[in-house]
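The sequence lines fix the lettering, A, B, ..., with proteins before strands; numbering per chain opens at 1. Below, each value reflects all heavy atoms present in this structure, side chains not excepted, and no hydrogens, waters or symmetry copies.
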Amino acid sequence: MIKITLPDNSVREFSEPVNGLELAQSISHRLAKEVLSVSVNGEIRDLNRKIAEDASVKLHTWDDREGKDAFWHSSAHLMAEAIEHFYPGTKFGIGPTVDTGFYYDVELPNGQQLTEKDLQKIEQKMVELARQKNAIVRKEISKKDAMAMFTKKNDELKQELISELEDGTITLYEQGNFTDLCRGPHLPDTGYIKAVKLTSIAGAYWRGNEKNQMLTRVYGVTFPKQKLLEEYLVMMEEAKKRDHRKIGKEMELFTFSEAVGQGLPLWLPKGAQLRMQLEDFLKRVQKKHGYDQVITPHIGDVKLYKTSGHYEKYGKDSFQPITTPAEGEEYLLKPMNCPHHCEIYKAKPHSYKDLPVRMAEFGTVYRYEMSGELHGLTRVRGFTQDDAHLFCRPDQLKDEFKKVIDIVFIIFKALSFEDYTAQISLRDPEKPEKYIGTAENWDKAELAIVEACEEKGLKTVTEIGEAAFYGPKLDFMIKDALGRSWQLGTIQVDYNLPERFELEYIGADDKRHRPVMIHRAPFGSMERFVAVLIEHTAGKFPFWLAPEQAVILPISEKYNEYAQKVSNILNNSDIRTVVDDRNEKIGRKIRDNELKRIPYMLIVGEKEQESESVSVRRQGEGDMGTKQIGEFADAVTQEIRDQLSGLYN
RNA sequence: GCCGGAGUAGCUCAGGGGUAGAGCGCAUCCUUGGUAAGGAUGAGGUCACGAGUUCAAUUCUCGUCUUCGGCUCCA
C-alpha cells in the first residue's frame, strides 16, 4: 500500500505506484484536466513520474507558480524545437521561465540572426507542434553520454553546462524530434499548450557575463487557454497606455532635452505642482513625527565620500570629480545625502536626552548610470530622494523603526496603494567578509527589524544575503492597479557611518557612545515615485494631487466673466482651477477636458450665473447636478481630508 | 557600456535618389451653442547631427547623438 498525504492532510491509499495525473483523476475529473505538475515531499516532478512510496504530495495547476513553471518550461522546449526546425544546427544556451513566460538563449548557425519578423513563423510552428500532442519523455543519462551527445551536435553551450553537472543527476527530455538537456519538470505532452505569443527578441550575454559572447534571447509566453492569451494581450495594451513616459508627455508633467543631457528630467509646471504637493504632504507628516528639515549643497569634497566609504565602493558610478582651478580641490556631485547629514549631526555635541535626532531633506543626488539603463523617470542620473537620517541610541532603534513604518503606511493609504509586501533583507551568515561591523551589532539590528515588523503586523518576506554591506534593511514593494510590482521605499539600519564619521553622544554615564543611524526614504525617489503613481492611476490622480483640480467651462463666451469669478473664488479656497474659455461648444469642451483627466468640470451658463452656482461633472462619471459655489468648495475640501486622514488624525 | 530596432510639423504617424504629406493641436474668421469632436481659412519641417557615394541625399553607406527593447548594474 502507498499512502499519499494531500495538503489538506487527507490520505489516499493506492495498491501500486501512481503518478500525479492518476492521483488527480482519483480526486476529480476537473483537477485531472487542470493539473500541470506535482510536488512529492517538496520536490517538484513531472506529472507522469510514478510515486512509489508513501509521500506528502501537492498537485499544481495554472494557479500555482509551480504549475506555471512546468508549463512555461515545456513551452521553452517547444520554442526550441520550432527554432531547430527552421534553423538546424542552432546551439541552445539556457531556457528558463521568468515572471511572465519564458525565454531561450540561442545561437543560430552560420551567424544567422533572428528578427522580429521571424517570430510569427516560429509561433505558428509551435502551435502546430503543440497540436501534435507529442509526449514529453524524461530520460536519465550518464554524464559521459550526455557529453558525447552534445559534442556530436556541436553545441558547446550545452557541453559547458553539462561539465558543471554531477554524474547521475543528468536528465534529458524528449518530444517529437527534439531532445534537450533539462532538469525538468515538464508537462506530460505538448498538447497542453493552446496559445502562444513570442513577445520580444534581444541580445543577452552567455551566462550573463559581458565578457562572453552575445546570444539571441527570444522571449515568449504561452497559455493553456486562448482566452488567457487574449486577457494577457489586453493587459499589455493597458500597460502601454499607462506608460508614464507617454502620460507624462500628454499631461505635460515632465520632459527630457538632448541639450540638457540624458537621464536629467525637466519638471514642467504641472509635474512640479504634483511633486511639490507630494513633498508638502510628506513634510507635514514628518513634522508631526518630530523630523527637522535640513538643506545641504549639491556637491561635496571628495574626502567626505572617502570618509563615508562611498567613494571607494561607488566612485566609479559617480560623475567624476570637479576640480577647482586655483586650489585643485576635488568635489563630487553628491551621490548620497547621508555624509552631509552626518556632518550636521557633528556640528554640535549631543546628549542622550537629545536623541533621536531626525533630519529630513528632499536631497537631489547624481549618479552615473550607464546610458543603456536610463528609462523615463524610473531610472535617471539626477533625482531627488525623500531622504531622512535618524540618529538614535541603540535602545531606541526598534521604536524608531516602527515609527518609520507608520509613515510609510500613511503614505500608502493617502495614495491608495493597498497591496504591498515588505521584504526584510538580512546578511548572509556564511559570508561575513561581505559586511562591515560587528556580529553583535548585526544581530541587534536584524532583531530590531524583525521585531518591529512583527509588532506592526506587517506581511513580510525575508531574504537572506540581500542586506546592504553596512546593515540590514526593509524594502516595500507595492502592487499597482495592473498587478505589477514596484519597489518603493526603503528603511535601512546603519552602524557603519556613525563609526566612520565618529559620531557620538554623551550617555547618562557621562561617557561617549556611538549612535545608530536609520536611513529611510518612503517614496524612494520623487522621480521614480511619480512614475509609479502615473502608471498606477493612469494619470487620474487623487483629487488632492491633481495639478489642475477643476476646469470651469462656460457655455458660451457670454459667461466667461462669471467663469473667471468662480475660478477666483475657488482659488481662494486653495482649489487649483483653470477656465476653458475657448470659442467651442460645450460638448467639445467636455470631451477635451475629460481626456485631460481633470477631476472636476464645472459647467456655467445662464442658470448658474443667476443662482451663483456651478453644474458639477466628475471626470469619468458624468453629470452630478448643480451646487452652490461654496457648497462645492466645502465638498472637495472634505474629500481631501478624507483622502489624507493620516495627516489630519 | 554591450546587442538589436527607431529618429520626418508641438503630438501620433504615412512616404520615399529629383529639397515633403495626413489627423490632432495651434492662429484668424464665422458661429454663441446646455453635458464626450460645429464650420471656413491659414501658419508650422536644415526629414536628429556630421561625413561619404551621386549630376542630385530627407531617402543609400559610415560615424556621432538621442530614444526604444533586452543584457549587466543599482549606495
Side-chain angles (χ1 to χ4, degrees), chain A residues 98 103 105 113-117 199-219 240 243 245-246 249-250 252 255-263 305 308-318 334-339 365 367-376 378-381 383 385 387 468-471 473 487 490 492 494 496-497 519 521 524-525 528 553-560 582-596 601-608 615-626:
Chain A
V98 290
Y103 66 82
D105 285 346
Q113 284 296 325
L114 276 179
T115 69
E116 304 270 349
K117 293 175 200 82
T199 46
S200 71
I201 200 161
Y205 303 110
W206 171 233
R207 322 210 81 181
N209 184 335
E210 60 185 295
K211 295 195 178 69
N212 288 339
Q213 78 262 41
M214 177 75 62
L215 303 176
T216 303
R217 175 168 298 180
V218 186
Y219 283 89
K240 221 165 145 186
D243 191 317
R245 293 167 299 186
K246 179 171 145 39
K249 198 181 270 180
E250 278 169 16
E252 298 179 357
T255 190
F256 291 88
S257 154
E258 278 189 35
V260 171
Q262 55 178 338
Y305 306 103
S308 72
H310 289 116
Y311 189 77
E312 190 198 352
K313 204 153 173 76
Y314 294 105
K316 62 175 179 359
D317 299 324
S318 299
K334 75 173 166 187
M336 289 292 280
N337 301 303
C338 21
V365 297
R367 297 177 184 176
Y368 171 75
E369 303 282 359
M370 289 194 293
S371 59
E373 279 317 311
L374 301 169
H375 180 92
T378 60
R379 197 74 185 271
V380 288
R381 285 178 168 172
F383 58 96
Q385 296 177 312
D387 214 354
F469 70 94
Y470 51 75
K473 59 178 182 171
Q487 189 183 328
T490 179
Q492 313 187 349
D494 187 356
N496 172 46
L497 280 186
H519 307 243
S525 93
R528 188 181 159 77
L553 313 183
I555 291 285
S556 83
E557 286 175 349
K558 282 189 270 179
Y559 311 105
N560 281 357
R582 292 176 304 161
N583 179 7
E584 292 292 349
K585 302 216 295 201
I586 194 68
R588 178 55 183 271
K589 290 186 185 181
I590 287 169
R591 178 184 157 79
D592 289 349
N593 286 291
E594 277 287 339
L595 297 174
K596 282 166 84 176
M601 273 175 262
L602 304 177
I603 295 161
V604 295
E606 187 163 8
K607 279 185 291 180
E608 290 78 8
S615 170
V616 180
R617 204 187 145 96
R618 177 97 210 193
Q619 201 270 351
E621 288 172 33
D623 196 348
M624 307 192 66
T626 303

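- Rounded to whole Å, the separation between the C1' atoms of B:G39 and B:U32 comes to 14 Å.
- For B:G7, the O4'-C1' to base torsion is more than 90° from 0; the nucleotide is therefore anti.
- Under the Watson-Crick and G-U wobble criteria, each requiring two contacts below 3.5 Å, nucleotide B:G21 is paired to B:C13.
- Between A:D623 and A:I603 the shortest side-chain heavy-atom distance does not fall below 4.5 Å.
- A:M601 has its CE atom 12 Å from the P atom of B:A37, to the nearest Å.
- Rounded to a whole angstrom, the distance from the C1' atom of B:A14 to that of B:G69 is 24 Å.
- In this entry B:C2 has B:G70 as its Watson-Crick or G-U wobble partner, both defining distances falling under 3.5 Å.
- Rounded to whole angstrom, the span from the NZ atom of A:K558 across to the P atom of B:U31 amounts to 13 Å.
- Closest approach to the A:R588 side chain among B:C30, B:G70, B:C24 is made by B:C24 (side chain taken as heavy atoms from C-beta onward).
- Contact check, A:S556 against B:G33: no side-chain N or O comes under 4.0 Å of OP1 or OP2.
- Across all strands shown, B:C26 pairs with B:G42; the Watson-Crick or G-U wobble distances both stay below 3.5 Å.
- Within the 4.0 angstrom heavy-atom criterion, no nucleotide atom of any strand lies near A:E250.
- At whole-Å resolution of the value, CE in A:M336 and P in B:C74 are 14 Å apart.
- Residue whose closest nucleotide on RNA chain B sits further toward the 5' end, between A:E584 and A:I603: A:I603.
- Taking atom C1' in both B:G52 and B:C13, the straight-line distance is 30 Å, to the nearest Å.
- Contact annotation: the side chain of A:C338 approaches that of A:H310 to within less than 4.5 Å [non-hydrogen atoms, C-beta and beyond].
- Residue A:Q262 is in sugar-phosphate contact alone, with no base atom involved, counting any heavy-atom pair closer than 4.0 Å across all strands shown.
- Straight-line distance between the P atoms of B:A22 and B:G42: roughly 12 Å, to the nearest whole Å.
- A gap of 15 Å separates the C1' atoms of B:A9 and B:A27, to the nearest Å.
- Within 4.0 Å of A:G587, counting heavy atoms only, lie sugar-phosphate atoms of the nucleic acid but no base atom.
- Pair assignment for B:G34: none, as no Watson-Crick or G-U wobble contacts are both less than 3.5 Å.
- Comparing A:G376 and A:Q492 by the nucleotide of RNA chain B that holds the closest heavy atom to each, the one mapping nearer the 5' end is A:G376.
- Looking at A:R367 and A:M336, their side chains come closer than 4.5 Å, going by heavy atoms from C-beta outward.
- Each of B:G1, B:G25, B:U35 was ranked by its minimum atom distance to the side chain of A:D623; first place goes to B:U35.
- Across all strands, A:K249 comes closer than 4.0 Å only to sugar-phosphate atoms, never to a base (heavy-atom distances).
- Atom-to-atom, NZ of A:K596 to P of B:A36 comes out at 18 Å; the value is rounded to the nearest Å.
- Side-chain atoms of A:R379 and base atoms of B:C73 include a donor and an acceptor less than 3.5 Å apart.
- Here A:S615 lies in heavy-atom contact (under 4.0 Å) with a base.
- Other residues, nucleotides and ligands contribute only 12 or fewer heavy atoms inside 6.0 Å of the CD atom of A:E606.
- When rounded to the nearest whole Å, the span between CZ of A:R381 and C1' of B:U67 equals 13 Å.
- Here the C1' atom of nucleotide B:C2 and the CD atom of A:E369 are 16 Å apart, to the nearest Å.
- Look at the C1' atom in both B:G45 and B:C30: the space between them is 30 Å, to the nearest Å.
- Annotation: B:C2 and B:A36 have their C1' atoms spaced 48 Å apart (nearest Å).
- A straight line from CZ of A:R582 to P of B:C29 spans 17 Å, rounded to a whole angstrom.
- At B:G38, none of the side-chain N or O atoms of A:R591 fall inside 4.0 Å of OP1 or OP2 (strictly under the cut-off).
- The shortest side-chain heavy-atom distance between A:R379 and A:S525 does not fall under the 4.5 Å cut-off.
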Q: Walk me through it: do A:V365 and A:F383 pass the test side-chain contact (heavy atoms from CB on, under 4.5 Å)?
A: CA-CA 6 Å; A:V365 297; A:F383 58 96; 3.6 Å; yes
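- The side chain of A:E373 has B:C71 as its nearest neighbour among B:G7, B:C71, B:U32.
- The shortest distance between side-chain heavy atoms of A:K596 and A:Q619 does not fall below 4.5 Å.
- Side chain A:Y205 to base B:C2: a donor-acceptor pair is found below 3.5 Å.
- Between A:R245 and the phosphate of B:C68, there is a side-chain N or O to OP1/OP2 separation shorter than 4.0 Å.
- Base contact: A:R617 has a heavy atom under 4.0 Å from a base atom.
- Considering only the side chain of A:I586, B:U35 comes nearest among B:C65, B:A75, B:U35.
- Across every strand in view, B:C47 sits unpaired, with no contact that passes the Watson-Crick or G-U test at under 3.5 angstrom.
- A:L215 places its CG atom 12 Å from the P atom of B:U72, with the value rounded to the nearest Å.
- Rounded to the nearest Å, the gap between the C1' atom of B:G70 and that of B:C11 is 28 Å.
- A:R207 comes within 4.0 angstrom of nothing in the nucleic acid, heavy atoms only.
- For the pair A:D592/A:E584, no side-chain contact is recorded, criterion being any heavy-atom separation below 4.5 Å from C-beta on.
- Using a 4.0 Å heavy-atom cutoff across all strands shown, A:I590 reaches at least one base atom of the nucleic acid.
- The base of B:G34 lies close enough to the side chain of A:E608 for a donor and an acceptor atom to sit less than 3.5 Å apart.
- Using a 4.5 Å heavy-atom cutoff, the side chains of A:L553 and A:V604 are not in contact.
- Residue A:Y219 is in sugar-phosphate contact alone, with no base atom involved, counting any heavy-atom pair closer than 4.0 Å across all strands shown.
- Under the Watson-Crick and G-U wobble criteria, each requiring two contacts below 3.5 Å, nucleotide B:G52 is paired to B:C60.
- For the pair A:H375 and B:G69, the criterion of a side-chain N or O lying under 4.0 Å from OP1 or OP2 is met.
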